[in-house]
Amino acid sequence: MKSEPDVFSLADLRKAPAMTAHWDGVRNYQARNYIRDRMRHGDLAYFYHSSCRPPGIAGIIEIVSAPYADHTAFDSKNPHFDPAGTADNPRWYMVDVRFRQAFDTLITLDTLRQHPPLLPLPLLQRGNRLSVMPVLPEQWKLIETLAR
DNA sequence: GCCAACGTTGGC
DNA sequence: GCCAACGTTGGC
């Protein structure tokens with residue numbers, strides 16, 4: 001799961017009440033589908049820092065809710081306001097996430113690219129901007145070995 | 001700050 | 001339903 005640390009970082013999540021926050025603001029259908037259809041309470045995710053130097057994986061978070069309507073889409077003052085959805089039939093979804101672990105050293109994008117089994121990740125593919133994506137179990141284990 | 005790549009929008 | 005224009009993303 002990607003976030004710009006200037007906007008919301010892993011350290012921000014750690015400081016949040018109960019180290020837990022909404023992962024709101026996803027407004028891309030493919031990312032929405034992964035949240036809505038694939039995420040389950042108790043799943044783990046890598047927290048990736050984007051649009052910073054260097055970009056990379058900062059640590060691990062846990063999904064601590066089922067997917068539910070992203071209510072920020074209903075708020076006309078929110079920058080991600082989208083009047084298309086309703087409470088009964090929401091267009092956008094989010095989950096709650098809880099801080100689990102901060103790596104001592106960022107696993108940089110550059111490091112990730114050096115491991116061929118990771119190359120199929122959308123993250124590493126040219127031009128891809130998907131902000132939420134699945135990680136295969138083998139990929140998860142390999143990334144864990146890169147963490148310090 | 002630049003710009004390539006991509007998704008979305010809307011006129012036709 | 002095509003596709004040009006536009007806005008956004010995100011590495012560099």
Side-chain angles (χ1 to χ4, degrees), chain A residues 1-16 19-39 43-63 65 67-136 138-148:
Chain A
M1 300 174 76
K2 296 198 281 191
S3 178
E4 300 185 18
D6 290 350
V7 178
F8 188 75
S9 69
L10 183 61
D12 292 331
L13 180 61
R14 189 175 204 165
K15 286 182 288 193
M19 298 189 188
T20 301
H22 303 143
W23 198 274
D24 60 83
V26 172
R27 297 291 181 271
N28 168 281
Y29 288 105
Q30 196 178 358
R32 186 279 310 270
N33 292 347
Y34 284 134
I35 291 173
R36 185 191 60 188
D37 305 335
R38 309 272 293 271
M39 281 192 177
D43 287 350
L44 299 180
Y46 286 122
F47 192 126
Y48 179 87
H49 284 176
S50 64
S51 287
C52 57
R53 283 192 57 85
I57 299 173
I60 295 175
I61 59 180
E62 180 179 356
I63 312 307
S65 75
Y68 62 105
D70 181 345
H71 52 69
T72 67
F74 306 139
D75 174 6
S76 61
K77 297 188 196 74
N78 190 282
H80 303 295
F81 174 60
D82 183 351
T86 64
D88 280 351
N89 185 23
R91 172 171 291 190
W92 303 114
Y93 283 77
M94 63 183 177
V95 287
D96 295 345
V97 297
R98 182 188 297 149
F99 174 87
R100 283 284 293 250
Q101 179 185 351
F103 299 146
D104 292 340
T105 307
L106 195 77
I107 305 174
T108 65
L109 179 60
D110 196 46
T111 297
L112 295 171
R113 289 194 194 285
Q114 292 165 19
H115 296 274
L118 303 180
L119 296 182
L121 283 171
L123 180 72
L124 302 184
Q125 278 163 32
R126 177 185 176 81
N128 199 288
R129 304 180 311 198
L130 192 60
S131 66
V132 176
M133 69 192 72
V135 178
L136 296 173
E138 314 87 81
Q139 294 170 331
W140 181 277
K141 287 179 198 148
L142 172 51
I143 294 169
E144 273 187 318
T145 70
L146 307 175
R148 275 178 287 141

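Residue numbers start from 1 in every chain, and the chains themselves are labelled A, B, ... in the order their sequence lines are given, proteins ahead of strands.
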**Message:** Between A/Arg27 and A/Asp82 (salt bridge meaning N to carboxylate O under 4.0 Å), is one present in this structure?
**Reply:** no
**Prompt:** Under 4.0 Å between a Lys/Arg side-chain N and an Asp/Glu carboxylate O for A/Asp43 and A/Arg38?
**Reply:** no
**Message:** Any donor-acceptor pair under 3.5 Å linking the side-chain atoms of A/Ser9 with those of A/Asp12?
**Reply:** yes
**Asked** Looking only at side chains, do A/Ser50 and A/Arg129 share a donor and an acceptor under 3.5 Å apart?
**Response** no
**Request:** Step through it carefully: locate the ring centre of A/Tyr68, locate the ring centre of A/Trp92, and say whether they are under 6.0 Å apart.
**Result:** no
**Fill in**
Once base and sugar-phosphate atoms are separated, protein heavy atoms under 4.0 Å mark nucleotides 5-12 of chain C, 5' to 3', with B, S and - as --BBBBSS
